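Single-structure report; data block below.
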Amino acid sequence: MEKIVSLSKRRGFIFPSSEIYGGFGSCYDFGPLGVELKNNIKKSWWDEMIKKHDDIVGLDASILMNPKVWKASGHLTAGFADELVECKKCHRRFRLDETKGDPLSFICPECGGELTKPRKFNLMMKTFVGPLEDEASETYLRAETCQGVYTNFKNVMQTIRLKIPFGIAQIGKAFRNEINPKDFIYRTREFEQMEMQWFCEPKKAYKFFDFWLKQRLNWYYDLGINKKNLRTYEVPKKELAHYAKRAVDIEYKFPFGWQEIEGIHNRGDWDLSNHSKHSGEDLKYDPSANSGQAYFPHIIETSVGVDRSLFAFLCDAYQEVKGGRTKTTKSAKELEVFLKLHKSLAPVKAAVLPLVKNKAEIVKKAKHVYHTLKPHFMTQYDETGSIGRRYRRQDEIGTLFCITVDFDSLEKDDVTIRDRDTMKQERIKIKDLIECLKK
Ligand code: ATP
């Protein structure tokens with residue numbers, strides 16, 4: 001875990017937010033490589049949902065919504081509250097389910113002090129809209145992206161002329177005033193979700209649940225996640241969220257243990273029926289005009305955190321080789337780190353390296369290659385340090401291909417291209433490079 005946090009900072013994946021002011025709570029910023037990785041994960045998820053299926057469309061709803069939404073959804077009542085206990089000695093606060101052993105023994109897991117009785121703590125983040133901080137302008141930063149989908153259910157269905165079953169996919173920020181954010185970017189107060197809401201006939205909901213669970217597991221497998229590090233967990237009935245009829249968590253084996261990265265939920269008709277009741281808008285689906293058989297569609301939701309899945313992908317890709325994979329440089333004696341990220345997730349696809357930096361023609365040619373590739377692939381140019389060091393720097397961030405311009409390149413107009421995983425090198429004509437990399 002420490003190694004991954006340190007690599008993330010050192011190589012520009014993830015920085016603590018407002019670091020020059022000592023950081024801020026559990027907030028993190030994604031650096032130049034982090035934002036590429038994040039965008040690649042989002043693109044992969046979006047393509048999986050929208051391009052792979054005929055019957056899923058996208059949406060981008062606003063973060064701020066009419067506060068009545070949160071009343072209807074049940075978020076302002078006990079439904080969206082964690083039980084909180086506080087240590088009378090060190091004053092740290094914990095979720096009741098985090099206290100070790102029997103929670104009713106009320107012993108602080110940090111200092112052994114006595115804990116207070118549990119009380120409900122709502123996770124919604126309050127904010128004020130408009131110039132006056134009075135009640136009329138009070139609302140919340142959304143705690144989940146899906147409510148914007150439910151309030152737009154009719155808009156989307158009518159404008160795109162969709163018939164049930166269909167899905168609406170959305171990626172966006174969500175905010176929760178977590179009692180105990182922890183484990184780097186695993187649990188934060190601001191995070192991003194990728195959610196898909198699947199609207200279907202009530203009697204088909206259970207079948208679709210299994211279908212979507214399988215689809216979601218396959219997404220991780222297709223992106224190269226080690227099967228041994230992924231498992232599912234059927235949430236027991238008594239632990240289900242207020243809206244859920246069934247929930248299965250997809251869990252990843254993090255360095256700190258098995259933890260949820262995605263939830264698949266059968267939300268029944270909770271959302272559409274409650275929004276109908278509270279808004280007065282009829283959100284039933286009628287199979288054909290005035291059939292007399294209108295019903296509230298049931299919803300199967302797949303919900304994954306961008307940040308949590310990114311963390312899982314990073315942990316899964318992290319590899320260490322003692323003594324190095326290459327024995328050709330002095331640095332090979334050190335511990336070699338490489339990130340075996342899937343090709344579609346790797347933040348940098350190619351790095352262009354002039355063999356030496358004191359030979360003007362080689363540098364000129366290398367820069368030409370770099371500028372040729374850059375519009376097509378995320379490409380870096382690196383001329384500092386020995387070639388062995390530069391390969392290792394690129395391996396450490398998961399760069400797929402290192403392209404070296406050497407003395408032969410000046411005569412033959414070609415380069416060597418080195419594969420990250422096999423470390424095999426091939427000579428390729430510069431004019432064929434784009435096609436070769438695409439392939
Ligand atoms: P947890 O039990 O970990 O609090 P949850 O069951 O409340 O999570 P959901 O409401 O099902 O989570 O949210 C769906 C997904 O959103 C989670 O699987 C996770 O990937 C992401 N997520 C939820 N809360 C956070 C958070 N505080 N920080 C980062 N990601 C989060």
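Remember, predicted model here, so these are calculated numbers, not experimental data.
Taking the six-membered ring where tryptophan is involved, the planes of F311 and F256 are tilted, since the angle between them lies from 30° to 60°. Using bins of under 30°, 30° to 60° and over 60° for the plane-to-plane angle, the ring pair Y28/F184 lands in the perpendicular bin. Taking the six-membered ring where tryptophan is involved, the planes of F208 and F211 are perpendicular, since the angle between them exceeds 60° and thus also 30°.
Side chain of H342 to backbone of S344: a donor-acceptor contact under 3.5 angstrom is found. A donor-acceptor contact shorter than 3.5 Å links the side chain of K154 to the backbone of D282.
A salt bridge is absent between D382 and R389; no separation between the charged side-chain nitrogens and carboxylate oxygens falls under 4.0 Å. In this structure, R308 does not pair ionically with E262, as no charged nitrogen and carboxylate oxygen lie closer than 4.0 Å.
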> What's the verdict on side-chain hydrogen bond (donor to acceptor under 3.5 Å, both in side chains) for Q197 and Y150, showing C-alpha distance, side-chain angles and the deciding distance?
Replying inline: CA-CA 9 Å; Q197 314 298 318; Y150 309 141; 2.5 Å; yes
> Hey, mind stepping through Y220 and S309 against side-chain hydrogen bond (donor to acceptor under 3.5 Å, both in side chains) and telling me if it holds?
Replying inline: CA-CA 9 Å; Y220 295 99; S309 60; 5.6 Å; no
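A heavy-atom distance below 4.5 Å is found between the side chains of I225 and F313. L373 is listed as a side-chain neighbour of V352, based on a closest heavy-atom distance under 4.5 Å.
Scored by the salt bridge (Lys or Arg N to Asp or Glu O under 4.0 Å) test, K126 finds E138 as partners (sequence neighbours excluded). Applying the salt bridge (Lys or Arg N to Asp or Glu O under 4.0 Å) rule to R420 yields no partners; only residues at least two apart in sequence or on another chain are considered. Under the rule for a side-chain hydrogen bond (donor to acceptor under 3.5 Å, both in side chains), D183 has no partner lying at least two apart in sequence or in another chain.
Between F199 and Y285, a ring centre-to-centre spacing not shorter than 6.0 Å is recorded.
No more than 12 heavy-atom neighbours from other residues, nucleotides or ligands sit within 6.0 angstrom of CD on E426.
Side-chain contact annotation: Y243 with N274, donor-acceptor N/O pair under 3.5 Å absent.
Cation-pi geometry between K284 and F296 is met: the NZ or CZ atom falls under 6.0 Å from the ring centre, inside 45° of the normal.
Here the rule is side chain to side chain contact (heavy atoms under 4.5 Å, CB included) with L339, and of L33, L314, I4 only L314 fits it.
In this structure, I434 CD1 and I428 CD1 are separated by 13.0 Å, a value rounded to the nearest 0.5 Å.
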